[in-house]
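Heavy atoms only: backbone and side chains are in, while hydrogens, waters and symmetry mates are out. Since the structure is predicted, the reported quantities are computational estimates derived from the model, not experimental observations.
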Protein chains: 2
Amino acid sequence: MVDKKIQKQFKELLSKEGLKMTSARLSVLDEMLSNDEHRECEEIFNALLANGVKISRATTYRTLDFLVKYEYIRKMDIGDGKIRYEKKLGHPRHDHMICIESGNIIEFHNEAIETLQDKIAKNHGYKIVRHVHQLFVKPINKK
Amino acid sequence: MVDKKIQKQFKELLSKEGLKMTSARLSVLDEMLSNDEHRECEEIFNALLANGVKISRATTYRTLDFLVKYEYIRKMDIGDGKIRYEKKLGHPRHDHMICIESGNIIEFHNEAIETLQDKIAKNHGYKIVRHVHQLFVKPINKK
DNA sequence: GTTTATGCAAACCTTTTGCAAATTT
DNA sequence: AAATTTGCAAAAGGTTTGCATAAAC
């Protein structure tokens, strides 16, 4: 179950938009905050059903959108035709390294790269709003 | 029209796979090599039609796949639900900076970042096969 | 009691596919 | 002549949408 404090903030965000706090929305929030995987909507939807939550795919999609908007979660696209969602709240900033053999997703963060990125944007007269940095890798010892 | 040398190499690559050189394939190659934009299949298909090339969407998709495989072009996905293709042959390695206000795509390259990336992968026991690095930016003077 | 949310199924949109007809070698 | 390619339209796959019913305020 979601922490009471978080639940309260969630309700306030919803109200601010004229939206209602429903059990479906709370279930999706709960599901997303208690899992650190990078999952597709379909997987999240199935996890909810498996936990006995009565919800539809449509509501799952709609709620994930809201959670992305308010930065509870992040939407990621590694270009394989599947969109994944991951927990963002209380999760440190990071980028992704994807093993092309196992499909494993490893998180990394490098301050020096971030600094260089900012410099590049600045040199062109821009500032970075967000970025995507993905390394597709394979184990060193393999051919 | 495509350079004779390139056309010959293209034909050889095709033969090597038991594929035939057709006017449709040559037209797509020509269209892709003579344009530096980052375009969707639909835009490329329409450009071909506008140039009087008789081709179908299906063949355009099929040929783009072949061109990606043999590195004449690159497939890119900036996560907006549209897949774009850009010329790769004779085009230097680069990453992308996308202006979220104008949609403009600016290319950049930074050797120091590449070195850091390689180091990160290596530290995890991996080597990089390819990477995606996209900076979503907005002009500095805007709010 | 109003208003918003939900579930369902249909619609969407881009990409892929099966197959008969056309083109290439 | 044999083999591959093409165009067409249908299928696919994931996401969105319209609408009547249900739930929240």
Check your understanding: Does anything in residues 6-18 of chain B pair up under salt bridge (charged side-chain N to carboxylate O under 4.0 Å, His left out), and if so which pairs, sequence neighbours excluded?
Key -> B:E17-B:K69
**Study point:** Counterpart residues, salt bridge (Lys or Arg N to Asp or Glu O under 4.0 Å), relative to B:R25 (two or more places apart)
**Key:** none
Study note, to complete from the structure: By salt bridge (Lys or Arg N to Asp or Glu O under 4.0 Å), A:E43 pairs with (sequence neighbours left out) none
**Study point:** Spacing of CG belonging to B:D36 relative to CD1 belonging to B:I105, to within rounding of 0.5 Å
**Key:** 12.5 Å
Review point. Counting any heavy atom closer than 4.0 Å, what does B:G81 reach on the DNA or RNA strands: base, sugar-phosphate only, or nothing?
Key: nothing
Revision key, fill the gap. Sorted by number, residues from residues 45-55 of chain A placing a heavy atom under 4.0 Å from DNA chain C are A:K54, A:I55
Check your understanding: Rounded to whole angstrom units, what separation is found between the OH atom of B:Y61 and the P atom of C:dC13?
Key -> 13 Å
**Study point:** Nearest-Å distance for atom pair CD/C1', residues B:E40 and C:dT14
**Key:** 10 Å
Exercise for review: Scan side-chain atoms only and decide if B:H96 and B:Q134 contain a donor-acceptor pair under the 3.5 Å cut-off.
Suggested key: no
Check your understanding: Of the non-hydrogen atoms in A:E31 and A:A47, which two are nearest, and what is the gap between them?
Key -> OE2-CB, 3.6 Å
**Study point:** Pairwise ring-ring contact (aromatic ring centres under 6.0 Å, His included) hits with a residue in residues 97-127 of chain A, at least two apart
**Key:** A:F108-A:H133
**Study point:** Phosphate-side-chain proximity, A:S56 and C:dT6, N/O vs OP1/OP2 below 4.0 Å
**Key:** no
Review point. So, is A:R57 close to the C:dG7 phosphate, meaning a side-chain N or O under 4.0 Å from OP1 or OP2?
Key: no
Study note, to complete from the structure: Assign each of A:R25 and B:I83 the nucleotide of DNA chain C bearing its closest heavy atom; nearer the 5' end lies the nucleotide of A:R25
**Study point:** Per-nucleotide protein contact string for nucleotides 18-25 of chain D (B base, S sugar-phosphate only, - none; heavy atom under 4.0 Å)
**Key:** B-----BS
Check your understanding: Are more than 12 heavy atoms from other residues, nucleotides or ligands located less than 6.0 Å from atom NZ of B:K88?
Key -> yes
